[in-house]
Amino acid sequence: TLKGDVNTLLDEARLVSQESTRFIKATKVLMK
Amino acid sequence: MEAEVDKLELMFQKADSDLDYIQYRLEYEIKTNHPDSAGEKNAVTILKELSAIKSRYQALSARFKPISIEQKENQNRICATLSKTMTMIQELQKQTDLELTLLTEEEKAVTEQLK
Amino acid sequence: SDLEQLCSYVNEKIDNIKKILTIRNLGQAPSLKTTLSKIEDEIITVNEFLNNLELEIQYQEQTNKSLKELCVSLEEDLKDVEHLK
């Protein structure tokens, strides 16, 4: 279960990172 | 009463040190009987590594949660500010009879994305 | 609650000793040795996951900074527009 928990948290962290990266790119387009 | 409390305290301290000694002796016996070798670690070492990764996971999890919440809050704040600014610019353009600058396809797409 | 804390402190120590007692003879039986080495492999895998997780968290801390900077800049833009208005 520890391995599963770590894996789940890692997936969640990756998702948050991808979303934030996309968000920053989108915002910069509008700021131009 | 005071003497009773002191006595009780001594008993707890004794029990505590006894437990530490028992653990020490057991670990010492296992390490002696089964010393770590290059390819194999003994059960005590593995038990310690297990508790180390558990506490490392808890520390990282405690660090991750507030960061992801803060990111969400920042994103919401940016969205709110952006939409307010864009609305105001359009109003200004209307008021000054300036030609409304239409959003490019890319800008439309990211506006949708941010919504 | 102090007594409860003391109780859980002592119980935790007793649990640790019980764990060590269960693994006391673990190293001798060959089949159990394979169990130990499997656990060892799992620990290595989980540590790799944790390393990746740490990198992700460091990246998110940087992203957070960029988001804050973006926010400040956008709020200045908004002030300018309000001033224009």
Side-chain angles (χ1 to χ4, degrees), chain B residues 12 15-16 18-27 29-31 33-36 39-47 49-54 56-57 59-61 63-68 70-89 91-92 95-96, chain C residues 3 6 9-14 16-28 32-40 42-47 49-54 56-61 63-82 84-85:
Chain B
F12 266 109
D16 193 22
D18 284 347
L19 286 171
D20 285 342
Y21 184 68
I22 292 168
Q23 181 162 339
Y24 168 76
R25 281 300 301 271
L26 277 173
E27 287 180 355
E29 177 194 311
I30 291 173
K31 282 177 191 169
N33 291 344
H34 313 288
D36 282 343
E40 282 175 7
K41 291 175 185 158
N42 67 46
V44 170
T45 308
I46 285 181
L47 207 57
E49 282 181 1
L50 268 176
S51 67
I53 58 174
K54 275 176 192 168
R56 189 178 171 210
Y57 166 68
L60 284 173
S61 179
R63 201 169 134 201
F64 168 67
K65 297 286 182 215
I67 288 177
S68 65
E70 192 181 349
Q71 276 195 42
K72 228 1 147 207
E73 284 167 359
N74 281 334
Q75 286 176 14
N76 292 338
R77 213 167 118 202
I78 286 173
C79 279
T81 309
L82 253 183
S83 71
K84 219 189 286 183
T85 308
M86 289 174 75
T87 310
M88 207 172 278
I89 286 174
E91 280 172 14
L92 272 177
Q95 279 177 4
T96 53
Chain C
L3 197 56
L6 192 59
Y9 172 80
V10 172
N11 279 335
E12 192 178 336
K13 284 204 168 182
I14 292 171
N16 278 341
I17 289 173
K18 279 181 182 171
K19 266 186 213 158
I20 296 174
L21 277 172
T22 53
I23 62 172
R24 190 176 189 183
N25 301 316
L26 199 61
Q28 287 170 4
L32 295 178
K33 270 193 177 186
T34 48
T35 310
L36 262 185
S37 65
K38 274 183 190 157
I39 293 172
E40 205 174 326
E42 286 292 292
I43 286 174
I44 292 169
T45 310
V46 172
N47 255 323
F49 282 172
L50 288 173
N51 290 341
N52 290 338
L53 181 59
E54 189 150 10
E56 279 297 328
I57 288 175
Q58 283 165 3
Y59 175 72
Q60 287 186 11
E61 281 163 348
T63 310
N64 240 1
K65 269 190 199 128
S66 325
L67 281 170
K68 277 179 188 158
E69 286 161 6
L70 265 182
C71 207
V72 166
S73 152
L74 276 169
E75 282 171 354
E76 280 167 12
D77 289 350
L78 177 58
K79 276 196 193 108
D80 290 347
V81 172
E82 281 169 345
L84 270 177
K85 190 171 181 184

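Chain letters run A, B, ... following the sequence lines, proteins first, then strands; residues in each count from 1. In what follows, every heavy atom counts, from backbone to side chain, and hydrogens, waters and symmetry copies are set aside. Computed from a predicted model, the values in this text were never measured in an experiment.
Nearest heavy atoms, B:I78 versus C:L67: CD1-O, 3.5 Å. Of all heavy-atom pairs between C:K85 and B:L92, the closest is CA-CD2, 3.6 Å. The two atoms that bring B:Q23 and C:K13 nearest to each other are OE1-O, 4.5 Å, heavy atoms only.
No other option in C:V46, C:L53, C:N47, C:T63 has as many heavy-atom pairs under 4.5 Å with chain B as C:N47. Of the listed residues (B:N42, B:L50, B:V44, B:T45), the greatest number of heavy-atom pairs within a distance under 4.5 Å of chain C belongs to B:L50. The candidate from B:L47, B:D20, B:I67 with the greatest count of non-hydrogen atom pairs under 4.5 Å with chain C is B:I67. In terms of non-hydrogen atom pairs under 4.5 Å with chain B, the most contact-rich of C:K19, C:E82, C:E75, C:E42 is C:E75.
Within 6.0 Å of the CG atom in C:L3, the count of heavy atoms belonging to other residues, nucleotides or ligands does not exceed 12. By the neighbour-count criterion of 12 heavy atoms within 6.0 Å, atom CD of C:E12 is sparsely surrounded, having that number or fewer from other residues, nucleotides or ligands.
B:F64 places a side-chain heavy atom less than 4.5 Å from the side chain of C:Q60. Between C:Q58 and B:R63 the shortest side-chain heavy-atom distance falls below 4.5 Å. Inter-residue side-chain proximity for C:N51 and B:R56 is flagged as met; some heavy-atom pair is nearer than 4.5 Å.
The one candidate from C:L78, C:D77, C:L70, C:L74 that meets the side-chain contact (heavy atoms from CB on, under 4.5 Å) condition with B:L82 is C:L74.
For the residue pair C:R24 and B:N33, no side-chain donor N or O sits within less than 3.5 Å of a side-chain acceptor on the partner.
One finds the OG atom of B:S61 at 8.0 Å from the CD1 atom of C:I57 (value rounded to the nearest 0.5 Å). The structure places NZ of B:K54 at 13.0 Å from CG of C:L50, a figure rounded to the nearest 0.5 Å. Atom CD1 of residue B:I46 and atom CG of residue C:L36 lie 4.5 Å apart, to the nearest 0.5 angstrom. Distance check: B:I22 CD1 to C:I17 CD1 gives 4.5 Å after rounding to the nearest 0.5 Å. Between the CG atom in B:L26 and the NZ atom in C:K18 there is a gap of 13.5 Å [rounded to 0.5 Å]. The distance from atom CG of B:N74 to atom OG of C:S66, rounded to the nearest 0.5 Å, is 10.0 Å.
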- Query: Given C:V81 and B:K84, is the side chain to side chain contact (heavy atoms under 4.5 Å, CB included) satisfied, shown in steps?
  - Reply: CA-CA 10 Å; C:V81 172; B:K84 219 189 286 183; over 6 Å; no

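In this structure, chain C has heavy atoms under 4.5 Å from both the backbone and the side chain of B:I53. No part of C:F49 comes within reach of chain B, as not one of its non-hydrogen atoms sits under 4.5 angstrom from that chain. When heavy atoms are compared at a cutoff of 4.5 Å, B:L60 approaches chain C by way of both its backbone and its side chain.
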